[in-house]
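Reading through the structure tokens given below for one structure.
Numbers restart at 1 for each chain; the letters A, B, ... are given by sequence-line order, proteins then strands.
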Number of protein chains: 2
Amino acid sequence: MPMTVSAPIARLVDLEDSDQDAFCSTIRSRRRISARDDVFKEGFASRYISLILSGWAYRYKQLEDGRQQILGFLLPGDLTEASPVNGYLLDHSVGALTDLICADISHEALATVCLSRPAIQKALAGEALAMSSIQREWLMSLGQRTGTERLGHLLCELYWRLGRIGSVQAETFTLPATQGDLAAALGLSTVHVCRKFAELRELGLVQTSWKKVHICDVAQLQALSCFRPDYLYFSEALTGGHGWAAHGPGRPPAHEDDIFSRSNVPRCRRLRSELEAADFSLLRELGRSGTSHCGAGYSVPGAILKAYCQSALNCRMAALSGCFGRNEASTIKI
Amino acid sequence: MPMTVSAPIARLVDLEDSDQDAFCSTIRSRRRISARDDVFKEGFASRYISLILSGWAYRYKQLEDGRQQILGFLLPGDLTEASPVNGYLLDHSVGALTDLICADISHEALATVCLSRPAIQKALAGEALAMSSIQREWLMSLGQRTGTERLGHLLCELYWRLGRIGSVQAETFTLPATQGDLAAALGLSTVHVCRKFAELRELGLVQTSWKKVHICDVAQLQALSCFRPDYLYFSEALTGGHGWAAHGPGRPPAHEDDIFSRSNVPRCRRLRSELEAADFSLLRELGRSGTSHCGAGYSVPGAILKAYCQSALNCRMAALSGCFGRNEASTIKI
DNA sequence: CGCCCCTTTGAACACGCTCAATAACGGTGG
DNA sequence: CCACCGTTATTGAGCGTGTTCAAAGGGGCG
């Protein structure tokens with residue numbers, strides 16, 4: 001079966017090729033879902049399990065009066081459910097945070113494969129364990145952690161989970177969730193999430209720009225949030241790996257074939273607003289100054305700028321590195 | 001295998017006799033655990049699953065600085081885990097809220113039985129589903145519900161779950177958790193739980209006395225708490241049964257062979273403090289007044305008093321009905 | 001009888017919320 | 001290239017829910 005399917009699941013569960021093939025054979029069809037549409041709706045009977053191939057989704061529940069709680073985020077490679085039980089009524093909905101592509105797996109096919117492939121059965125049980133564990137950690141957050149800790153903890157969780165699937169570069173990742181979404185997840189108001197983001201920024205722990213989050217000091221952010229990666233059940237975490245180092249260089253870069261690429265298009269205005277006078281003098285050294293179509297600015301070879309950003313000499317600019325297109329050879333105009 | 005084992009599991013999962021026997025054959029040993037001791041400790045490898053035979057337990061997690069969050073309550077008939085995955089490190093602890101008796105089940109034996117008994121496999125999957133669903137509902141509570149709603153919702157959850165196993169009589173159940181425990185579960189302070197209990201009492205929705213909770217108006221309490229029993233995955237709930245009526249008369253009374261019986265010993269002082277002048281005149285009609293060993297008081301045949309209380313003519317006294325010993329023939333001295 | 005745990009109550013305070021206004025940004029159509 | 005629109009982010013002020021600290025009372029249990 002197609003590469004694009006086996007890639008996400010391979011990252012998640014360490015299956016052999018033959019098991020991966022068996023798993024992929026259970027896929028019935030693929031769906032493309034628009035951002036903010038529902039993948040599954042509460043109250044409906046569960047008819048199949050979906051594997052997220054690209055994009056983000058979120059589990060949520062709603063009260064009659066409209067209050068909404070996000071119960072967890074689903075990243076590429078995640079399953080909407082981890083046990084092939086057919087027909088029960090869903091107690092929560094799953095919505096698409098971004099446009100997304102997912103593969104639908106019938107319960108029956110998966111159950112059958114589980115019988116002949118104990119490795120898959122075990123992988124699913126492990127998935128269920130991890131999902132459940134993350135839910136418990138969220139309970140811990142909502143019940144005991146302060147606003148700052150909650151936000152920091154969520155960022156750490158996403159940092160690790162995204163790192164696992166190769167979607168963190170230079171300590172920076174894309175966060176398609178709005179502050180309103182984060183508020184619904186953290187049990188806070190939108191305004192408060194904004195303030196807590198500002199606090200983390202002032203502490204020098206994170207930097208944000210246009211749906212990108214840069215973690216300046218992972219260790220310190222984790223300490224502040226009482227975050228310990230054990231509960232995610234990553235082998236890297238258990239063997240003492242720490243942060244980026246554990247999933248960095250060795251892995252292939254993320255295969256961004258989803259809608260994220262849309263927000264990767266560099267926008268002149270956005271980039272320029274992030275830069276200060278000091279940065280422009282540095283840029284002048286890197287490239288050749290000139291006048292771009294965005295007005296007065298600088299044309300810098302993408303590869304050079306990217307290398308410069310990733311050197312992390314300038315922390316704030318590193319946060320921008322994710323904004324550049326994948327084609328490093330092209331010239332970036334700023 | 002012994003009745004005392006099959007009874008709780010039979011209530012939980014609707015298994016045939018032969019399946020129940022198979023399930024019971026997986027039980028390795030029984031343990032007796034003192035209140036506030038741990039059944040399982042976070043960080044240790046999972047070596048077996050425990051079935052609670054009597055008493056209450058609770059899942060919890062702790063932060064380094066001591067903050068503690070209760071993640072859920074385990075009632076008689078509940079399993080500490082619902083998937084026979086061996087050897088992973090536990091991400092949370094399970095503590096004994098009361099003295100408790102539990103049966104230990106080895107992962108291997110259970111996994112083997114699951115292969116030959118699909119009904120058991122399915123029952124376990126259903127258990128996992130229900131546990132997970134309750135966790136999600138708790139996330140909803142902690143994230144979105146106000147203090148009053150949270151407390152009300154928890155009481156409703158316990159009312160239904162206890163009713164399912166026959167531990168609710170006359171809309172009244174034993175609640176061994178202290179207000180401090182409830183606070184740790186609801187993400188509130190002990191003081192606030194106390195105040196919210198007072199609020200529910202003033203609203204005439206519940207009544208409390210010595211570890212007993214009486215729900216005066218289930219429907220109204222559920223409405224106040226945005227509680228809908230669907231998520232518990234009880235067939236009674238799904239078929240439209242409502243409250244006590246669904247699990248009442250037909251079922252055998254709870255077999256209270258646990259430490260709850262300790263708090264069932266009627267204490268003169270306690271009972272008398274709950275009564276008012278009007279009650280004493282009623283008591284005089286029911287029994288014969290006299291002088292008990294607790295000072296001036298009344299001797300009332302237990303059966304008569306119990307019947308009186310259960311008639312629910314006097315709501316407040318109904319709350320006391322659970323305080324009487326099981327031997328209805330004996331005379332209660334008040 | 002005395003100790004200790006649990007509950008209850010009061011007062012001051014803080015975290016987080018609501019309301020409201022403004023700014024920033026992306027997308028769209030002219 | 002620009003103006004406009006809807007969404008998202010930011011900031012301020014006032015307020016309310018829930019917290020902390022402290023003290024007193026009730027009840028079980030040794």
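- Checking D:dG18, D:dA9, C:dC6 against the side-chain heavy atoms of B:T178 singles out C:dC6 as nearest.
- Look at NZ on A:K212: it is 16 Å from C1' on C:dG26, rounded to the nearest Å.
- Applying the 6.0 Å contact sphere to CZ of A:R228 captures no more than 12 heavy atoms from other residues, nucleotides or ligands.
- Each of B:A198 and B:R36 lies near DNA chain C, and the nucleotide nearest B:R36 is the one positioned closer to the 5' end.
- Between the side chain of A:T98 and the backbone N or O of A:G55, no donor-acceptor pair lies under 3.5 Å.
- Listed for the B:Q69 side chain is no donor-acceptor partner under 3.5 Å among the backbone atoms of B:Q62.
- Counting only distance, with no hydrogens or angles, the side chain of A:R161 and the backbone of A:F73 share a donor-acceptor pair below 3.5 Å.
- Without hydrogens or angle criteria, B:R150 side chain to B:R145 main chain gives a donor-acceptor distance under 3.5 Å.
- Looking at residues 179-192 of chain B, you'll see B:G187, B:L188, B:S189, B:V191, B:H192 sit with a heavy atom under 4.0 Å from some atom of DNA chain D.
- Between A:R36 and A:D181 there is a salt bridge, since a side-chain N of the basic residue sits under 4.0 Å from a carboxylate O of the acidic one.
- Recorded end-axis angle for the helix from C:dC1-D:dG30 to C:dG30-D:dC1 stands at 40°, based on five pairs per end and rounded to 10 degrees.
- When the P atom of C:dC15 is taken as reference, atom CG of B:L142 falls 20 Å away, rounded to whole Å.
- Near DNA chain D, meaning a heavy atom under 4.0 Å from it, residues 58-75 of chain B has no residue at all.
- For A:L151 and C:dC15, the CG to P distance is 16 Å, given to the nearest whole Å.
- With A:H192 contributing its side chain and A:A183 its backbone, the two residues share no donor-acceptor pair below 3.5 Å.
- Within the 4.5 Å cutoff, no side-chain heavy atoms of A:R32 are placed close to those of A:D99.
- In this structure, the CG atom of B:L175 is 13 Å from the C1' atom of C:dC6, given to the nearest Å.
- Panel note: side chain A:K41, backbone A:S93; no donor-acceptor pair is recorded below 3.5 Å.
- The distance from atom CD of A:E202 to atom C1' of D:dT10 is 12 Å, rounded to the nearest whole Å.
- At whole-Å resolution of the value, CD in A:Q207 and C1' in D:dA9 are 17 Å apart.
- Residues B:E202 and B:R195 are not paired through a salt bridge, judged by the lack of any N-O separation under 4.0 Å between the basic side chain and the carboxylate.
- Few gaps surround CZ on B:R201; more than 12 heavy atoms of other groups in view lie less than 6.0 Å from it.
- Heavy atoms of A:R201 sit under 4.0 angstrom from primed sugar atoms or phosphate atoms, though from no base atom.
- Comparing atom distances between the A:R195 side chain and each of C:dT18, C:dT7, D:dT19 picks out C:dT18 as nearest.
- Taking atom CZ of residue B:F197 and atom P of nucleotide D:dG18, one finds them 16 Å apart after rounding to whole Å.
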Determine, stepwise, if the pair A:W138 / B:Q135 fulfils side-chain hydrogen bond (donor to acceptor under 3.5 Å, both in side chains).
-> CA-CA 10 Å; A:W138 279 44; B:Q135 269 189 4; over 6 Å; no

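- Residue A:K211 contributes atom NZ, which lies 14 Å from atom P of C:dC25 at whole-angstrom precision.
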